[in-house]
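Below is one structure, written out as structure tokens; comments come after it.
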Amino acid sequence: MPTLAGIRADAEDGPAAGAWHTALHEAVIAAVAAATVDAARLRRVIGIFGEQVRAFNGQQFHAVLRAAYGVDIFRAEPGLDALCRVWEAENLRLIQSIAPHYLELLEGRVVAAVQQGRTLRTVTREIRDTYGLPRKRAELIAQDQIGKLNGQLTRYRQQNVGIGQYRWRGAMDQRERDAHVEREGRTFDWDKPPGDGHPGHPIRCRCWAEPVLPSLDDLDALIVH
Ligand SMILES: [Zn+2]
């Protein structure tokens, strides 16, 4: 905001005032640097977040199997760590992109406002109106990424014990996509995803995959009575 007051005044000085653009760009670069979170710390937070999704998914998975078969079913899950590491790296990239994307958008808006000769008061109000955007973006990423990880863990866990198919299940509320409502109860192969992916993969999809359970003898797992 202080930089903005300065450049708005400069821009009114006439054609020689191109320096305002440089000043603005430098202010944006400084703001990006100030908004950058320590990567190691961010990675730890994302890791804890991922562990929670993983634990929740595991509880749900075992509860479904126990309810269906009346026994506890276990199998080593050697691929889970790699799956979570890939998810963490993608999250780190997405979260680190929030500040630069936001500030780039802000810079574009300020340049347009200055060029159109809008008053400092108007520009300031326009900028204040964008303050909520990074938070909204972070929330969207978090919701979407929880769904994606949960979906990937479900797929891994089901296939790992020899479950080849699932029934599509949705929240069946106003927010669910029409295309997903149409899939309610239909059976899909884990090896043949629909065009937009398995449940949880499409952006902000809250659908889930109910396993089509084989007989206990056909399950590829250790059974504990
Ligand atoms: Zn869905």
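Order of appearance sets the numbers: ligands from 1, and atoms from 1 within every ligand.
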side-chain hydrogen bond (donor to acceptor under 3.5 Å, both in side chains) partners for Thr130, two or more places apart: Tyr102
Pairing residues for Glu126 by the salt bridge (charged side-chain N to carboxylate O under 4.0 Å, His left out) criterion, not counting sequence neighbours: Arg118
Geometric class of the Phe188/Tyr166 ring pair [parallel <30°, tilted 30-60°, perpendicular >60°]: parallel
Atoms of type N/O/S from protein, distance to the Zn ion (ligand 1) below 2.8 Å: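 Atoms of protein N, O or S type lying less than 2.8 Å from the Zn ion (ligand 1) total 3.
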Side chain to side chain contact (heavy atoms under 4.5 Å, CB included) partner of Ile223, the single match among Asp72, Ile73, Asp217: Ile73
Salt bridge (Lys or Arg N to Asp or Glu O under 4.0 Å) partners of residues 48-62, not counting sequence neighbours, each pair once: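 Passing the test, one end in residues 48-62: Arg54-Asp81.
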Hydrophobic cluster membership, Ile163 vs Leu216, 4.5 Å side-chain cutoff: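 As far as the 4.5 Å side-chain criterion goes, Leu216 and Ile163 are connected within one cluster.
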